[in-house]
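In listed order, ligands and their atoms are each counted from 1. The shown structure was predicted, so the numbers you read here are calculated from the model rather than taken from an experiment. The residues of the chain are indexed from 1 along the displayed sequence.
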Amino acid sequence: MECPNDHILLSSGLKGEEKSYIFRPRFNYSKCTKCSLCRDNCTENAIVMFKEGYPFLMPTLCSGCKTCQLACPSKAIEEDRKEIGLTYVTPVNNNLTLVTGVLKEGEERSYPLVLNTKRRADIMDFDLEIYDTSAGTGNHVAAALEDSEFALVVTEPTPLGIHDMKMIMHLLEKLNIKGYVILNRADLVNDEHIIPDYEIIGSIPLSDDIVQSYVRGKPVVDAFPESDASVELRRIMERVSELLW
Ligand code: SF4
Ligand code: SF4
């Protein structure tokens with residue numbers, strides 16, 4: 001979302017642009033009774049009330065959750081919207097369509113854009129949806145993972161990679177989603193004991209062929225189909241197919 005790059009790796013470009021919006025409250029002061037319920041129910045503290053008692057929005061703090069509108073007993077909060085980014089639907093080939101969300105520059109909240117992007121993918125009714133999430137464990141990652149059958153956690157066998165992997169595994173546990181680990185640049189490991197006891201379903205080697213395929217803007221399995229990395233990626237795909245069906 002912050003800087004999606006699948007379309008670069010697939011050389012597909014981005015097509016089918018649509019603007020993406022979130023809710024923004026607009027106060028109708030002629031209906032407002034100054035009861036302060038909107039402010040009290042806003043967990044982001046995005047509503048302040050001045051001396052004369054009318055609510056006022058701090059736009060950068062608002063997440064667009066609509067709680068204030070639901071809480072207002074006087075229907076004094078009307079619907080406004082703010083553009084937060086763009087979504088795209090790009091046909092890559094007969095079997096693959098790429099649905100991408102791109103956050104607007106300077107916009108901090110990727111969570112609603114993840115939801116909008118997922119919605120756009122959902123209405124297309126694909127046989128299989130694969131979500132490539134951002135790194136980390138923020139609510140935008142949790143939103144992407146939600147309702148998944150399982151997750152593939154791709155990490156490097158370094159102390160930093162293992163630290164992040166443990167965090168994402170913890171999040172998956174909370175979401176009740178089974179996580180499988182794929183080690184990228186697996187040859188980096190010099191002490192196997194640093195890898196916790198998770199189910200590892202693939203080990204992609206450190207490979208110049210992968211770097212060269214990036215440079216060509218082609219997946220390594222197309223650019224160098226016989227390379228060790230491609231052989232391992234095909235093996236991982238078979239394993240993933242077994243998990244799915
Ligand atoms: S939409 Fe949500 S975050 Fe924004 S002001 Fe209303 S309650 Fe607060
Ligand atoms: S909840 Fe509605 S009526 Fe109460 S202060 Fe907010 S906008 Fe005004």
Side-chain angles (χ1 to χ4, degrees), residues 1-6 14 16-89 99-125 129 131-148 151 164 167-177:
M1 294 294 157
E2 281 90 0
C3 42
N5 56 13
D6 291 332
L14 289 172
E17 179 178 299
E18 258 182 26
K19 288 183 177 171
S20 185
Y21 299 92
I22 56 168
F23 168 82
R24 267 294 137 91
R26 185 172 52 218
F27 300 103
N28 181 339
Y29 293 128
S30 66
K31 290 185 181 172
C32 177
T33 58
K34 306 180 186 176
C35 69
S36 83
L37 277 171
C38 53
R39 182 198 60 189
D40 299 345
N41 283 284
C42 176
T43 52
E44 304 287 339
N45 297 320
I47 297 175
V48 290
M49 295 185 84
F50 290 123
K51 239 185 189 167
E52 60 273 25
Y54 283 116
F56 183 81
L57 183 71
M58 309 283 281
T60 52
L61 298 179
C62 176
S63 68
C65 70
K66 290 193 178 182
T67 305
C68 51
Q69 195 183 40
L70 291 169
C72 176
S74 310
K75 305 222 176 307
I77 299 183
E78 294 167 359
E79 182 141 357
D80 201 354
R81 63 183 190 169
K82 180 195 172 203
E83 189 186 329
I84 52 164
L86 299 163
T87 60
Y88 297 87
V89 174
V99 184
T100 309
V102 180
L103 199 63
K104 207 172 163 182
E105 236 169 80
E107 183 57 53
E108 289 168 21
R109 295 179 183 276
S110 46
Y111 174 81
L113 184 66
V114 171
L115 296 183
N116 289 349
T117 309
K118 275 185 94 167
R119 238 172 259 139
R120 206 165 167 200
D122 284 345
I123 53 176
M124 298 188 74
D125 202 20
E129 291 181 19
Y131 291 99
D132 181 11
T133 74
S134 314
T137 49
N139 62 355
H140 56 299
V141 175
L145 289 168
E146 221 168 19
D147 302 327
S148 298
D164 290 352
M167 285 177 63
I168 194 84
M169 282 301 201
H170 188 61
L171 173 66
L172 289 171
E173 219 173 278
K174 297 257 176 223
L175 293 170
N176 208 14
I177 297 169

Using a 4.5 Å cut-off on heavy atoms from C-beta on, say whether the side chain of [Y] contacts that of [X].
| X | Y | value |
| --- | --- | --- |
| Thr117 | Val99 | yes |
| Leu145 | Leu172 | yes |
| Tyr29 | Pro55 | yes |
| Leu113 | Lys104 | no |

At a 4.0 Å threshold, what atoms of ligand 1 neighbour a non-hydrogen atom of [X]?
| X | value |
| --- | --- |
| Ser63 | 3 (S), 4 (Fe) |
| Cys62 | 1 (S), 3 (S), 4 (Fe), 5 (S) |
| Gly64 | 1 (S), 4 (Fe) |

Indicate every side-chain donor-acceptor pair of residues 59-86 with a distance under 3.5 Å to a residue at least two apart or in another chain.
from	atom 1	to	atom 2	distance (Å)
Gln69	NE2	Ile77	O	3.2
Glu78	OE2	Asn28	ND2	2.8
Lys82	NZ	Glu107	OE1	2.5

Exercise for the section: Answer side chain, backbone, both or neither: which part of Leu57 comes under 4.0 Å from ligand 1, heavy atoms only. Expected result: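 It is the side chain that gets close, since no backbone atom is under 4.0 Å.
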Exercise for the section: Would you kindly specify which portion of Lys66 sits under 4.0 Å from ligand 1, judged on non-hydrogen atoms: side chain, backbone, both or neither? Expected result: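 Backbone only.
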Practice task
Without swapping roles, check the side chain of Lys118 against the backbone of Ala143 for a donor-acceptor pair under 3.5 Å.
Solution key: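 Checking the backbone N and O of Ala143 against the side chain of Lys118, a donor-acceptor pair under 3.5 Å is found.
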Handout entry: Minimum non-hydrogen distance to atom 2 (Fe) of ligand 1, winning option of Cys65, Pro25, Cys42
Key =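 Of the listed residues, Cys65 has the closest heavy atom.
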Practice task
State which residues pass ring pair (Phe, Tyr, Trp, His ring centres under 6.0 Å) with Phe56; sequence neighbours excluded, sorted by chain then number.
Solution key: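 In terms of ring pair (Phe, Tyr, Trp, His ring centres under 6.0 Å), with neighbours along the sequence ignored, Phe56 is linked to Phe50.
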Handout entry: Non-neighbouring partners of Tyr111 that pass side-chain hydrogen bond (donor to acceptor under 3.5 Å, both in side chains), sequence neighbours left out
Key =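 With sequence neighbours excluded, Tyr111 shows a side-chain hydrogen bond (donor to acceptor under 3.5 Å, both in side chains) to no residue whatsoever.
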Practice task
Using 2.8 Å as the cut-off, count the protein N, O or S atoms closer than that to atom 6 (Fe) of ligand 2.
Solution key: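 Protein heteroatoms (N, O, S) closer than 2.8 Å to atom 6 (Fe) of ligand 2 number 1.
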Exercise for the section: Indicate whether the side chain of Asn116 and that of Ser20 have a donor and an acceptor atom separated by less than 3.5 Å. Expected result: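 Checked: Asn116/Ser20 side chains pair up, N/O donor to acceptor below 3.5 Å.
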